[in-house]
Structures are given as structure tokens and as C-alpha cells.
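Following: one structure in C-alpha cells, then a few remarks.
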Amino acid sequence: CDHFKKDIQAAKPFTGLSVLDIGCGGGLLSEPLANLGAKVTGLDASEKAINVAREHAAKKKLKISYIEGSAEEFSLESKTFDVILMMEILEHAADIGSLMRSAASLLKPDGIIVISTVNRTTKSFLLGIVVAEYILGWVPKGLHDWEKFIRPSELAEHLQKAGLEIGDLTGMVYNPILDSFSLRSGMVGVNYLATAKPISH
């Protein structure tokens with residue numbers, strides 16, 4: 001809302017914005033964005049996930065365009081978006097550089113990319129893999145490869161090579177007592193959010 005000077009208090013603050021949700025899965029983020037007024041396109045390489053997303057959107061009577069395929073394939077269609085989401089997909093990507101270049105080509109000149117991923121630290125190994133996968137069972141065992149977690153400096157380098165510059169960096173911190181997450185500036189040791197936009201010349 002700040003980036004596009006939108007009223008965050010409005011009933012549908014994203015009205016007029018086009019959003020591409022790369023790695024949309026079953027539409028967990030695509031649907032609330034559509035409810036907030038955005039014109040949403042969900043993209044995922046999994047046919048099963050796209051089918052689930054389409055069925056759920058139909059039940060909710062939401063107009064969301066779901067497409068099966070990769071960002072690299074989709075970027076050939078010469079479409080551009082105000083906002084691109086890449087949430088929890090970088091740590092699973094086969095080629096981050098290729099993904100970033102594709103995202104950059106899909107972004108409007110005044111657009112913004114929002115990324116969430118996991119830092120490669122000792123703390124992220126303990127919390128993101130040992131605790132999340134083996135102790136609490138939040139995600140399937142073996143889902144993550146610690147070697148593929150991405151340090152903010154590495155993310156910034158990938159973005160720069162794609163013609164993008166990193167913006168805000170904000171940590172997501174879990175409180176086991178309250179069983180909740182909160183956003184913490186500077187605390188990027190495990191999960192973190194980042195924004196990116198085209199490099200200004």
C-alpha cells in the first residue's frame with residue numbers, strides 16, 4: 001500500500017493492482033489478495049496444486065487466473081505485473097538466477113517483488129529443519145535442504161544480476177509460548193521477508 005500510495009484502511013486496498021503469485025500452490029495467498037481487490041494470476045508447476053486452487057476459487061466465486069507452468073515459461077508471454085510474490089519458493093528452486101531473471105521480465109517498471117525465504121545459518125538449521133521437520137512435524141521430513149537456504153547477501157546478488165535491487169529486509173520470528181509469528185526488523189537469522197524493485201538509473 002505504501003509503494004502504490006494505496007489506502008490500507010480501504011475495504012479493497014489492492015483494487016487496480018495486478019499480482020502474480022509465483023509458486024501459488026493451492027491459492028493460500030492468491031485468494032485473500034483477490035478478496036482485497038487485486039487482479040490475481042497464480043502460477044505453479046504442479047498440476048495437482050493448480051487444480052486444487054481452481055476448484056477452491058470456484059467454490060468461493062473468486063476470479064483468479066491459475067496457470068500451470070514455470071516462471072521461465074510464463075515470462076515468454078510478455079505480460080507484466082504491478083506486484084510479484086515469491087513466497088517460500090527460492091529454497092526449492094533449481095536455478096535461482098533464472099527464476100529472478102524471469103521475475104524481473106514480468107515486473108512493471110514501477111512494480112515491486114515480495115519474497116519470503118530462509119536464511120542459511122546455524123539457527124535456521126536447528127529451527128527450520130530439526131525443530132520444524134523432526135520435532136514439531138510442521139512440514140514433512142526432508143522437505144528442506146539447508147544448503148539451499150539463502151543468505152540475504154546472496155539474495156541481493158541474485159537480484160542485482162537480474163536488474164533488481166533489494167529493499168526492505170524483515171525477519172519473521174516464532175514465539176513458542178504464544179504459538180505465533182511476528183515481524184521483527186533486523187532479526188533475519190531464520191525466516192525473512194524482502195522486497196525488490198527494478199534498479200533505478
Side-chain angles (χ1 to χ4, degrees), residues 1-96 98-118 132 137-140 143-144 164 168 170 172 179-183 191-197:
C1 287
D2 288 345
H3 184 82
F4 293 103
K5 297 178 173 58
K6 295 282 189 178
D7 179 7
I8 198 169
Q9 301 298 329
K12 294 185 179 292
F14 299 157
T15 298
L17 295 180
S18 57
V19 177
L20 174 63
D21 185 3
I22 299 178
C24 65
L28 190 64
L29 287 176
S30 296
E31 290 192 5
L33 287 167
N35 279 323
L36 290 169
K39 181 181 179 183
V40 181
T41 299
L43 180 68
D44 202 287
S46 167
E47 180 184 6
K48 182 179 179 181
I50 289 296
N51 287 337
V52 168
R54 285 174 179 160
E55 288 175 15
H56 201 265
K59 289 178 183 176
K60 298 279 187 176
K61 294 183 170 58
L62 291 172
K63 291 184 179 179
I64 300 172
S65 175
Y66 284 116
I67 298 168
E68 179 193 344
S70 67
E72 289 84 353
E73 293 166 341
F74 189 61
S75 67
L76 301 175
E77 297 192 20
S78 301
K79 294 181 179 179
T80 55
F81 298 83
D82 296 302
V83 181
I84 295 178
L85 301 181
M86 292 194 285
M87 313 300 277
E88 306 296 319
I89 63 165
L90 297 190
E91 60 270 26
H92 303 290
D95 186 338
I96 295 177
S98 175
L99 176 60
M100 289 300 181
R101 288 190 296 274
S102 298
S105 72
L106 289 161
L107 187 67
K108 290 183 179 180
D110 63 342
I112 188 169
I113 296 176
V114 182
I115 297 165
S116 70
T117 191
V118 190
W138 282 347
V139 293
L143 177 67
H144 293 111
L164 301 164
D168 299 322
T170 304
M172 287 188 288
D179 190 26
S180 64
F181 283 89
S182 60
L183 299 179
N191 299 82
Y192 65 95
L193 289 158
T195 61
K197 61 183 181 178

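By convention here, the first residue in the shown sequence is residue 1.
The shortest heavy-atom contact between Asp21 and Ser30 is OD2-OG, 2.9 Å. What you find for Met100 and Leu164 is that their closest heavy atoms are O-CD1, 4.3 Å. Between Glu72 and Leu99, the shortest heavy-atom distance links the atoms OE2-N, 3.5 Å. The two residues Pro13 and Lys6 have their closest heavy-atom pair at O-CD, 3.3 Å. The shortest non-hydrogen separation linking Met172 to Ser116 is CE-CB, 4.2 Å. In plain terms, the two heavy atoms of Phe4 and Ile112 that are nearest each other are CE1-CG2, 3.8 Å.
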>> Between Phe81 and Thr41, does the side chain to side chain contact (heavy atoms under 4.5 Å, CB included) criterion hold? Intermediate values first, please.
In response: CA-CA 9 Å; Phe81 298 83; Thr41 299; 3.6 Å; yes
> Is there a side chain to side chain contact (heavy atoms under 4.5 Å, CB included) between Val40 and Lys63 once you walk through the steps?
Replying inline: CA-CA 8 Å; Val40 181; Lys63 291 184 179 179; over 6 Å; no
>> For Val118 and Asn191: C-alpha separation, side-chain torsions, deciding distance, then whether side chain to side chain contact (heavy atoms under 4.5 Å, CB included) applies.
In response: CA-CA 4 Å; Val118 190; Asn191 299 82; 3.9 Å; yes
>> Working note: Leu33 + Val83, criterion side chain to side chain contact (heavy atoms under 4.5 Å, CB included); need CA distance, chi angles, decisive distance, verdict.
In response: CA-CA 11 Å; Leu33 287 167; Val83 181; over 6 Å; no
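Separation of atoms OH (Tyr66) and CG (Asn51) is listed at 12.0 Å; rounding is to 0.5 Å. In this structure, the separation between CD1 on Ile22 and CD1 on Ile67 is 11.0 Å, given to the nearest 0.5 Å. Between Lys197 atom NZ and Asp168 atom CG the span is 9.0 Å, to the nearest 0.5 Å. Remark: Ser105 OG to Leu76 CG distance equals 8.0 Å, nearest 0.5 Å. Here the OG atom belonging to Ser18 is positioned 11.0 Å from the NZ atom belonging to Lys79, to the nearest 0.5 angstrom. From Ile115, atom CD1 reaches atom CG of Leu193 across 9.5 Å, with rounding to the nearest 0.5 Å.
For Asp44 (side chain) and Gly25 (main-chain N/O), a donor-acceptor pair under 3.5 Å exists by modelled atom type. For Lys12 (side chain) and Asn35 (main-chain N/O), a donor-acceptor pair under 3.5 Å exists by modelled atom type.
Residue Lys60 places its NZ atom among 12 or fewer non-hydrogen atoms of other residues, nucleotides or ligands, all under 6.0 Å distant. Open room surrounds CD1 on Ile8; 12 or fewer heavy atoms of other groups in view lie less than 6.0 Å from it. The neighbour count for His3 NE2, taken as heavy atoms of other residues, nucleotides or ligands under 6.0 Å away, is above 12. Within 6.0 Å of CG in Asp2 there are 12 or fewer heavy atoms belonging to other residues, nucleotides or ligands. No more than 12 heavy-atom neighbours from other residues, nucleotides or ligands sit within 6.0 angstrom of NZ on Lys48.
Arg54 is not listed as a side-chain neighbour of Ile64, based on a closest heavy-atom distance of 4.5 Å or more. Between Thr170 and Tyr192, the closest side-chain pair of non-hydrogen atoms is not below 4.5 Å.
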